[in-house]
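All heavy atoms count here, side chains included; hydrogens, waters and symmetry mates do not.
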Amino acid sequence: MEDTLLEVRDLQVEFSTKMGIVRVLDKVNLKVDPRQTVGIIGESGCGKSMMALSIMGLVPIPPGRIAGGEILYRGIDLLTLEKDAILDIRGKRIAMIFQEPMNSLNPVFTVGNQLVETLLRHEDMTRRDAWDKSVDMLKAVGIPSPEKRMHDYSFQMSGGMRQRVMIAMSLCLDPDILIADEPTTALDVTVQKQVIDLLNKLQKELGFAMVFVSHDLALVAEVANSITVMYAGQVVEQGPVTDIL
């Protein structure tokens with residue numbers, strides 16, 4: 001049996017508001033094994049995205065704070081690490097695709113520049129090697145004429161193309177875990193299907209585990225091995241896809 005990659009134990013996240021303290025995550029638990037896809041599902045505002053942001057160390061502090069619990073990556077509690085150590089893990093070992101690719105990509109830098117900088121931040125390689133690897137990643141996610149697209153800006157691309165760039169950026173460092181936070185929300189149904197098929201294909205080829213966040217049960221059923229159902233900041237149901245559905 002392979003070791004668990006990621007385990008969230010009794011995680012509590014609180015936010016300060018004018019009305020007082022609001023607990024947005026209340027002792028939630030999650031477990032992700034190698035090569036497994038865990039679906040997190042629930043209505044808008046139930047805490048799905050906050051779970052993802054907490055794992056990535058992206059909870060805005062203030063007004064938010066981690067009030068309790070553990071987030072264990074290969075047995076190491078991420079909540080106890082210094083900022084530099086978290087930065088080394090975030091992106092390289094645990095990567096994330098956000099809901100809206102237009103807001104995730106910087107509109108004043110080319111796609112190629114952003115891919116290259118991601119590689120140079122985490123890997124010891126020359127800019128030429130980083131450029132070549134970035135071109136290979138764009139090709140891997142199905143972007144035509146990848147060499148040309150490296151010089152494009154995000155506003156010159158369609159929503160589906162931008163999301164493919166985000167997938168390439170998140171996987172270029174060969175992470176152990178990919179967190180996909182509603183990656184198809186801003187896309188039409190046809191493009192949604194293409195993105196889901198691409199993620200399934202890349203997972204088989206590269207062997208990463210995935211946490212797939214969505215409010216769409218049909219989408220989660222296509223990609224996940226197990227499902228975690230959330231409601232009002234709590235986990236209300238967990239189990240294999242067939243049992244939950």
Are the charged groups of [X] and [Y] less than 4.0 angstrom apart, N to O?
| X | Y | value |
| --- | --- | --- |
| Arg93 | Asp176 | yes |
| Arg121 | Glu117 | no |
| Asp197 | Lys193 | yes |

Would you find a donor on one side and an acceptor on the other, under 3.5 Å apart, between the side chain of [X] and the backbone of [Y]?
| X | Y | value |
| --- | --- | --- |
| Gln234 | Val28 | no |
| Gln238 | Ile244 | no |
| Glu7 | Leu30 | no |
| Gln192 | Val189 | no |
| Glu14 | Arg65 | no |

Could you report the tightest heavy-atom contact between [X] and [Y], atom names first, then the distance?
| X | Y | value |
| --- | --- | --- |
| Val38 | Ala224 | C-CB, 4.4 Å |
| Val32 | Thr4 | O-CG2, 3.4 Å |
| Pro175 | Phe208 | O-CB, 3.5 Å |
| Leu79 | Glu70 | CD1-CA, 4.1 Å |
| Val213 | Lys48 | CG1-CB, 3.4 Å |
| Met157 | Val165 | SD-CG2, 3.8 Å |

Atom pair [atom1] ([X]) and [atom2] ([Y]), whose distance is rounded to the nearest 0.5 Å:
| X | Y | atom1 | atom2 | value |
| --- | --- | --- | --- | --- |
| Glu43 | Cys46 | CD | SG | 6.5 Å |
| Ile94 | Arg74 | CD1 | CZ | 10.0 Å |
| Ser54 | Leu78 | OG | CG | 11.0 Å |
| Lys133 | Arg128 | NZ | CZ | 15.0 Å |
| Leu171 | Leu199 | CG | CG | 7.5 Å |
| Glu205 | Asn200 | CD | CG | 11.5 Å |

**OP:** Could you list all the ring pair (Phe, Tyr, Trp, His ring centres under 6.0 Å) pairs where at least one residue sits in residues 146-171, not counting sequence neighbours?
**Re:** Trp131-His151, Tyr153-Phe155
Subject >> From CA spacing to verdict: side chain to side chain donor-acceptor pair (under 3.5 Å), Asp129, Thr126 >> reply: CA-CA 5 Å; Asp129 288 341; Thr126 66; 3.3 Å; yes
Original post:
For Glu82, does the CD atom have more than 12 heavy-atom neighbours from other residues, nucleotides or ligands under 6.0 Å away?
Top reply: no
Original post:
Stepwise, does the side-chain contact (heavy atoms from CB on, under 4.5 Å) test hold for Ser154 with Asn106?
Top reply: CA-CA 7 Å; Ser154 58; Asn106 193 323; over 6 Å; no
**OP:** Start with the C-alpha gap between His215 and Glu182, add the side-chain angles, then the distance that decides, and say whether side chain to side chain donor-acceptor pair (under 3.5 Å) holds.
**Re:** CA-CA 8 Å; His215 60 268; Glu182 305 213 29; 2.8 Å; yes
Within the 4.5 Å heavy-atom criterion, are [X] and [Y] side-chain neighbours or not?
| X | Y | value |
| --- | --- | --- |
| Pro62 | Phe15 | no |
| Thr228 | Ile41 | no |
| Met230 | Ile40 | yes |
| Lys31 | Leu6 | no |
| His122 | Cys172 | no |
| Lys27 | Asp10 | yes |
| Arg23 | Val13 | no |

Subject >> Gln203 and Arg35: CA distance, side-chain angles, deciding distance, side chain to side chain donor-acceptor pair (under 3.5 Å) verdict >> reply: CA-CA 8 Å; Gln203 186 180 30; Arg35 296 178 176 270; over 6 Å; no
**OP:** Please list all pairs passing the side chain to side chain donor-acceptor pair (under 3.5 Å) test where one or both residues lie in residues 136-149, with sequence neighbours left out.
**Re:** Arg149-Asp152
Subject >> Within residues 83-92 or reaching into it, pairs that qualify as side chain to side chain donor-acceptor pair (under 3.5 Å) - sequence neighbours excluded >> reply: Lys92-Glu123
**OP:** Assess whether side-chain contact (heavy atoms from CB on, under 4.5 Å) is satisfied between Leu53 and Met96, documenting all intermediate values.
**Re:** CA-CA 9 Å; Leu53 292 174; Met96 185 167 177; 4.2 Å; yes
Let me check something: do [X] and [Y] share a hydrophobic cluster, defined by ILVMFWY side-chain heavy atoms less than 4.5 Å apart, either directly or through other members?
| X | Y | result |
| --- | --- | --- |
| Met125 | Leu115 | yes |
| Val135 | Phe109 | no |
| Leu58 | Leu72 | no |
| Leu245 | Tyr231 | yes |
| Ile71 | Ile76 | yes |

**OP:** Check the side chains of Thr80 and Asp77 for a donor-acceptor pair under 3.5 angstrom, ignoring hydrogens and angles.
**Re:** no
Original post:
Do you see a donor-acceptor pair shorter than 3.5 Å between the side chains of Gln36 and Asn225?
Top reply: no
**OP:** Please test Val235 against Asn29 for side-chain contact (heavy atoms from CB on, under 4.5 Å), starting from the C-alpha separation and ending with a verdict.
**Re:** CA-CA 7 Å; Val235 172; Asn29 293 276; 5.7 Å; no
Subject >> Ile179 vs Ile97, side-chain contact (heavy atoms from CB on, under 4.5 Å): CA-CA, chis, key distance, verdict >> reply: CA-CA 6 Å; Ile179 300 174; Ile97 307 170; over 6 Å; no
